[in-house]
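Chain identifiers are assigned alphabetically (A, B, ...) following the order of the sequence lines, protein sequences preceding nucleic acid strands; residue numbering begins at 1 within each chain. Heavy-atom basis, side chains included; hydrogens, waters and symmetry copies ignored.
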Amino acid sequence: MANDTQLFQAIISHAKEYGFIFPSSEIYDGLQAVYDYGQMGSELKKNIKDHWWKSMTQLRDDVVGIDAAIFMHPTTWKASGHVDNFNDPMIDNRDSNKRYRVDHLVEAHAETLKAAGKEKEAASLVTAMESLLAADDFTGLKKLIEENRINCAVSGTCNWTDIRQFNLMFATEFGATSGEEDNKVYLRPETAQGIFVNFLNVQKTGRMKVPFGIAQVGKAFRNEIVARQFVFRMREFEQMEMQFFVRPGTQQQWYAYWKEQRLQWHLALGLPAEKYRYHDHIKLAHYADAACDIEFDFPIGFKELEGIHSRTDFDLRQHQEYSKKKQQYFDNDVDPATGKPYGNYIPYVVETSIGLDRMFLAVLSHAYQEQDLSTPDKQDSRVVLKFPPKLAPIKMAVLPLNKKDGLPEIALDIINTCKQDFRCFYEEKDSIGKRYRRMDALGTPFCVTVDYQTKEDQTVTIRHRDSMQQERVPIARLRDLVNEAL
RNA sequence: GCGGGAGUAGCUCAUUUGGUAGAGCGGUAGCCUUCCAAGCUUCAGGUGGCCGGUUCGAGCCCGGUCUCCCGCUCCA
């Protein structure tokens with residue numbers, strides 16, 4: 001574990017040193033749990049995003065993409081349950097460091113009173129709590145807890161912190177006048193709702209037939225109480241998510257399908273199966289009838305990377321209720337049981353939701369390797385990022401062996417013929433070995449070296465990042481060679 | 001949020017009991033070499049996290065604050 005912690009630290013340092021990830025606003029000491037992607041990181045992140053988008057939409061005929069706004073009508077979050085469930089006043093016990101929802105704590109105490117036959121006290125306690133909660137009177141609530149000597153179940157003491165409200169949604173003001181409650185809008189805490197509210201728009205204009213899916217990549221925001229572990233848990237993060245709408249009753253089979261399908265997507269990138277596992281949820285969220293996580297073996301242990309949830313018709317039904325707009329679909333397919341069309345229904349939903357930043361961290365931490373290349377005469381080592389070539393920020397570096405004798409000109413020519421197809425990088429400074437190491441540290445899969453023989457026969461060496469082996473190939477073949485690997 | 005630890009150049013660290021900060025690596029410009037990092041020279045880069053206090057004088061002592069790390073907690 002100590003080693004893994006060191007490894008994690010090393011990866012974080014490497015990410016900063018080579019321009020993958022910087023702490024946000026670092027010159028002002030950073031902003032907790034917010035990070036910026038640098039010149040290398042933004043490329044890697046974009047490549048992951050593009051790869052997901054392509055495999056989920058372009059390569060399928062039953063999924064289309066949208067890009068919904070971050071701001072949504074405030075009622076959206078009432079319908080989704082976020083306003084009620086993200087807003088509970090909490091209190092901590094200083095001795096046990098246990099945190100409780102205030103209402104749970106008081107109600108539990110009322111139950112004990114009831115069990116002891118003090119029904120009256122219990123009832124008045126709950127009434128008192130409810131009126132204080134309604135008034136947001138946290139000082140009064142704390143007093144209530146202390147006067148009733150409500151103790152922590154773990155420490156048994158009554159040593160409480162002040163009550164605090166943890167609002168996990170970021171709110172801001174809509175419109176130029178401030179201070180009015182009506183103006184409050186939230187930054188979306190998940191992207192899914194943007195898909196649900198557009199379900200009928202997409203279904204009708206795209207003439208989509210159930211089963212079909214809507215995919216989206218976008219930012220979401222959560223005011224995490226504790227946000228740490230680098231980009232694993234951030235306040236501003238990006239989700240890649242797809243809601244698949246299915247006929248009620250078929251959700252279990254689609255859930256199983258997507259559970260399998262999504263894992264295969266990860267494995268197809270060359271990430272090893274032993275770094276993945278499913279974690280099936282026993283305790284389900286209020287909207288789900290089945291749920292699991294795809295966990296990845298990060299340096300900080302197995303953690304959730306992607307979630308597959310069978311969300312039933314909860315979301316569409318809620319939006320139908322709050323918006324008073326029917327969210328149903330007419331299914332013309334014939335039900336073999338009745339010989340008639342299935343008719344109108346609110347579709348069930350199977351969701352796949354992956355954290356883009358977490359995927360980034362998974363790819364980066366799996367790619368990161370410190371290798372000892374020492375020989376008996378010489379100590380040597382390298383840090384190499386073994387990215388899948390299609391995700392690598394730079395695909396090909398072109399390095400003239402010497403910065404004179406016309407070699408740089410040939411190198412730049414090569415770059416000019418390839419840069420339309422993929423990202424290239426030119427470097428003439430320092431010894432060739434040092435340049436190879438620098439490219440290894442950035443995860444560049446191919447290094448092309450222009451040497452004196454190039455001037456005679458138009459061939460160059462291409463060096464493979466992982467094996468460090470070189471082969472001599474004609475310049476004319478380079479572009480295809482790299483393209484094939486991508 | 002609680003407990004513990006840490007914050008000196010881009011990175012890793014040093015500055016013997018408080019007396020106006022140094023090195024290696026890295027970067028830069030050049031030389032030399034030329035197929036797997038660390039040869040020579042040049043230059044740049046630090047209001048010692050930030051604010052305040054004690055002191056003739058603070059990177060070093062005290063208080064506060066911010067950020068990061070570890071553990072707990074939390075986690076749709």
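In this structure, rC2(B) forms a base pair with rG71(B), meeting either the Watson-Crick or the G-U wobble geometry with both donor-acceptor distances under 3.5 Å. Across all strands shown, rA37(B) forms no Watson-Crick or G-U wobble pair with both key distances under 3.5 Å. Judged by Watson-Crick or G-U wobble contacts below 3.5 Å, the nucleotide rU54(B) has no partner. Summarising the base pairing, rG18(B) is matched to no nucleotide, lacking a Watson-Crick or G-U wobble pair whose two defining distances lie under 3.5 Å. Both distances falling under 3.5 Å, in either a Watson-Crick or a G-U wobble arrangement, place rG7(B) opposite rC66(B).
Ion pair R438(A)/D430(A) flagged as a salt bridge, since at least one NZ, NE, NH1 or NH2 atom sits closer than 4.0 Å to an Asp/Glu carboxylate oxygen. Between R311(A) and E351(A) there is a salt bridge, with a side-chain nitrogen of the basic residue lying less than 4.0 Å from a carboxylate oxygen of the acidic one.
Nucleotides rA21(B) and rG46(B), compared at atom P, are 13 Å apart to the nearest Å. Using C1' as the reference atom, rG19(B) and rG24(B) are 27 Å apart when rounded to the nearest Å. Only the P atoms considered, rG71(B) is 44 Å distant from rG57(B), to the nearest whole Å. Comparing the P positions of rA76(B) and rA6(B) gives a spacing of 34 Å, expressed to the nearest Å.
Base engagement by Q470(A) is indicated by at least one non-hydrogen atom pair under 4.0 Å involving a base atom. Using a 4.0 Å heavy-atom distance criterion, S353(A) is classed as making no nucleic acid contact. Nucleic acid contact for D440(A): none, since no nucleic acid atom lies under 4.0 Å from a heavy atom of the residue. Across all strands, K429(A) comes closer than 4.0 Å only to sugar-phosphate atoms, never to a base (heavy-atom distances). The residue I432(A) sits close only to the backbone: its heavy atoms come under 4.0 Å of sugar-phosphate atoms, none of a base. Counting non-hydrogen atoms under 4.0 angstrom, S13(A) reaches nothing in the nucleic acid.
Whole-Å rounding puts the M169(A) CE to rA76(B) C1' distance at 12 Å. Atom pair L7(A):CG and rC69(B):C1' shows a separation of 15 Å (rounding to whole Å applied).
Between D440(A) and the choices R463(A), K386(A), K434(A), the salt bridge (charged side-chain N to carboxylate O under 4.0 Å, His left out) rule is met once, by R463(A).
Between F199(A) and F245(A), the ring-plane angle classifies as tilted under the 30° and 60° cut-offs. Taking the six-membered ring for Trp and thresholds of 30 and 60 degrees, F230(A) and Y35(A) have ring planes more than 60 degrees apart, a perpendicular arrangement. Ring geometry, F244(A) versus W254(A): the interplanar angle falls from 30° to 60°, so the pair is classed tilted. Ring geometry for H266(A) versus Y276(A): interplanar angle of 30 to 60°, hence tilted.
At a cut-off of 3.5 angstrom, counting only N and O atoms as typed in the model, there is no donor on one side facing an acceptor on the other between the side-chain of H309(A) and the base of rA76(B). For R463(A) against rC36(B), a side-chain-to-base donor-acceptor contact under 3.5 Å is present.
With a 6.0 Å cutoff to the six-membered ring centre and a 45° limit on the axis angle, R358(A) counts as a cation-pi contact of F232(A).
Each of V34(A) and H281(A) was matched to the nucleotide of RNA chain B holding its nearest heavy atom; the match closer to the 5' end belongs to V34(A).
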Write down the protein N/O and nucleotide N/O pairs, taken from nucleotides 24-26 of chain B, whose separation is under 3.5 Å; answer none if there are no such pairs.
| unit_1 | atom_1 | unit_2 | atom_2 | d |
| --- | --- | --- | --- | --- |
| rG26(B) | OP1 | K434(A) | NZ | 3.3 |

Distances for protein N or O near nucleotides 44-46 of chain B N or O, under 3.5 Å:
none

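One N or O on the side chain of K395(A) and one on the backbone of P389(A) form a donor-acceptor pair closer than 3.5 Å.
Residue R423(A) qualifies as open at atom CZ: its count of foreign heavy atoms under 6.0 Å is 12 or below.
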